[in-house]
Amino acid sequence: MNLHHPLSPYRYPALHVNPIPRDRRWLRSTAIGATCFVAGIVATVAGIKVAEMVADQELGWMARVEHRRTDPFVGVQVQEPSPVTLREPPPSVTDAARDSLLTDPERSKYLLLPRVASGFGTADEARVLRAACEGLKDRPCLDLLNAR
């Protein structure tokens, strides 16, 4: 049997070792480089979009207006956040207790008594709680405040 016959599977050298001829190897390396470059651009743009989606979910309580600009290097639209305007913060416990002092002193007492009794209440909170306890004629509450 002739091992060097062109159709023999044992021929030497094997033709499947490097199917691309030497003069075309630069073409293969150029194609791989261009593919990696395009994949990098796509991954960068996708990463920007994912980061914006995460930021929108985390900062959903902020009012956002988005401006669009074209990135000169990539040529795709990129969203650029505008200056952020914040909503007003919710009223504090002291403000809520002060607002409900005339209409519902029981609510004011319920809001402020745990803080003042634990020793973390401010002088303003103690003053509002004293007014609520006087309005309810709650003697144990007033004794607690006098002992403080």
Side-chain angles (χ1 to χ4, degrees), residues 9-148:
Y10 305 107
R11 63 185 174 268
Y12 184 82
L15 296 178
H16 64 279
V17 172
N18 194 353
I20 301 175
R22 287 181 186 268
D23 60 342
R24 297 291 182 156
R25 287 187 186 158
W26 67 271
L27 182 64
R28 182 176 99 181
S29 62
T30 305
I32 290 173
T35 304
C36 291
F37 180 74
V38 170
I41 290 174
V42 169
T44 302
V45 171
I48 291 171
K49 295 294 183 187
V50 168
E52 286 177 354
M53 289 189 309
V54 168
D56 286 343
Q57 289 174 358
E58 290 177 357
L59 306 174
W61 55 275
M62 301 170 116
R64 291 176 53 124
V65 179
E66 297 174 351
H67 299 289
R68 293 189 174 268
R69 68 175 174 85
T70 302
D71 194 348
F73 299 108
V74 182
V76 291
Q77 295 278 331
V78 179
Q79 293 179 354
E80 205 175 273
S82 68
V84 177
T85 52
L86 300 174
R87 294 184 193 166
E88 282 188 31
S92 67
V93 175
T94 309
D95 293 337
R98 189 180 296 119
D99 291 341
S100 65
L101 184 62
L102 295 176
T103 58
D104 190 9
E106 186 70 33
R107 181 172 181 258
S108 296
K109 178 185 166 191
Y110 173 77
L111 288 172
L112 294 176
L113 187 60
R115 269 183 76 95
V116 174
S118 66
F120 292 107
T122 62
D124 191 33
E125 290 173 340
R127 198 171 22 253
V128 173
L129 180 60
R130 182 180 302 277
C133 291
E134 287 173 355
L136 293 171
K137 297 179 178 52
D138 187 357
R139 195 72 198 146
C141 178
L142 288 171
D143 290 342
L144 174 81
L145 290 170
N146 289 334
R148 183 176 173 261

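Keep in mind that the numbers below use all heavy atoms, side chains included, and drop hydrogens, waters and symmetry copies. The structure displayed is predicted, hence computed values, not measured ones. Note that the numbering runs from 1 along the sequence shown for the chain.
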How would you list all residue pairs meeting disulfide (SG to SG under 2.5 Å) that involve residues 99-148, not counting sequence neighbours? Cys133-Cys141
CD-CG distance between Glu134 and Leu136, expressed to the nearest 0.5 angstrom: 10.5 Å
How long is the gap from CG on Leu145 to CG on Leu129, to the nearest 0.5 Å? 4.5 Å
Shortest non-hydrogen pair, Pro105 vs Ala132, comes out as O-CB, 3.7 Å
If you measure from CG on Asp124 to CG on Asp95, what distance do you get to the nearest 0.5 Å? 8.5 Å
Quick one: does Leu111's side chain get under 4.5 Å of Val128's, heavy atoms only? no
Which donor-acceptor pairs under 3.5 Å do side chains of residues 34-41 form with protein atoms, sequence neighbours excluded?
| from | atom 1 | to | atom 2 | distance (Å) |
| --- | --- | --- | --- | --- |
| Thr35 | OG1 | Ala31 | O | 2.7 |

If a pair satisfies salt bridge (Lys or Arg N to Asp or Glu O under 4.0 Å) and one of its residues is in residues 99-111, list it, with sequence neighbours excluded. Lys109-Asp138
Roughly how far, to the nearest 0.5 Å, is CG of Leu112 from CZ of Arg130? 13.0 Å
